[in-house]
Amino acid sequence: MSSETATPLDDFLNQLESLAADAETAFNAAGDDEQLEQARVEFLGARQGRLKSVQKNMGKVAGEDKPAAGKKLNEVKNAIQAAFEQAQEKLAGAAAERVRDPQFDVSLPGAAPRIGRLHPITQTIEELKDIMGRLGFTPADGPEVEDPWHNFEALNIPEIHPARDPLDNFYLSVAGAQHDTAPDRLLRSQTSTVQIRVMENTQPPIRIISLGRVYRPDTADPTHYPMFHQMEGLLIDRDVSLADLKTVLRLFATNYLGESVPVRIRPSFFPFTEPSVEADYHWNGKWVEFGGAGMVDPNVLNSVGYDPEVWSGFAFGLGVERLCMIRHQITDIRDLFTNDVRFLRQF
Ligand code: DAH
């Protein structure tokens, strides 16, 4: 068809056709992302792009031809867009190909991300829960800020007892409290508090352990720290005897340290047990104490409303840090709480 007879519609369609061809050629010629981006702006740029300029010519097309012109415009727009995306994929593929290049040595060590791990005390707590769980003890919890009833009174530790001395406990000053009255809150000094909390809220039989932090104003040295962890155990039932307690302590020690570890029980004293004992295991040539224990004192059973004629039981309290340190040959308790990751990463 000669140009003299061409209608404005023909002109418009021709412009679109050659635009599509030019765009495709330009996109395919682009050798890298930067050149491709330049070509994109040239053809598809929102303000100055060539597609936009051609689009403006649609105004010259006669009214009845507008639908045909619009349809073609859309087709070309889509085709140019598709050509651009294809060129983009081709460049990405080439980049991936370069990675497979023999000069790129995939066997070189990479920078491994540093993964966190559980603190050795947490690991020990999990293991203790596991061992005691197999013996039928379920975990129970109590607050770390306690009142004197749960920390002392209900455990048969009366007001005049030296264990309540302010020098041996972290009493808390409570807003609004009178200065001349005894403080009524402290950081618990033992997990035995949880015995009372559980018995107050549960009817026997009971078989629980409680693992958590306790606080005492000790100066930090290789074997002391003002905060440490205990595992408390409590079993209440009918006709419980000291033999049951010995069995549980022995099973615990052999499960944690190995079948052959010797365990011994010595007489001792605690206000909340009668009789009271201390338990040692033999390790590295010497006896090491791993906790206190005993038959729950009738006064304690009375304080939670249990009838000591019907119910009896035993309790024990073990130091978690010592168990953790034995297992990992840690010689200074302070290392557990300095939070030096070079130390902690070893476990
Ligand atoms: N509460 C004691 C302490 O912190 C340990 C203890 C001893 C707990 C005897 C008990 C027990 O349950 O029966 O030293």
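Note that ligands are numbered from 1 as they come in the structure, with each ligand's atoms numbered from 1 the same way. The first residue of the sequence shown is numbered 1, and numbering continues consecutively from there.
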Test side chain to side chain contact (heavy atoms under 4.5 Å, CB included) applied to F290 and Y281, F316, W283, the passing residue: Y281
Does a side chain donor of either [X] or [Y] reach within less than 3.5 Å of an acceptor in the other side chain?
X	Y	answer
Q81	E85	yes
E259	T254	no
Q190	Q230	no

Fit a plane to each ring of F84 and F27, take the angle between them on a 0 to 90° scale, and name the class: parallel (under 30°), tilted (30 to 60°) or perpendicular (over 60°).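 Ring orientation of F84 relative to F27: perpendicular.
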Sub-4.0 Å heavy-atom environment of ligand 1, residues by chain: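 Around ligand 1, where the cutoff is 4.0 Å for heavy atoms, the contacting residues are Q190, S192, Q195, R216, Q230, E232, F270, F272, T273, G292, A293, G294, A315, F316, G317.
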Apply ring pair (Phe, Tyr, Trp, His ring centres under 6.0 Å) to Y225 and list each qualifying residue two or more places apart in sequence or on a separate chain.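 Result, ring pair (Phe, Tyr, Trp, His ring centres under 6.0 Å) vs Y225: F337.
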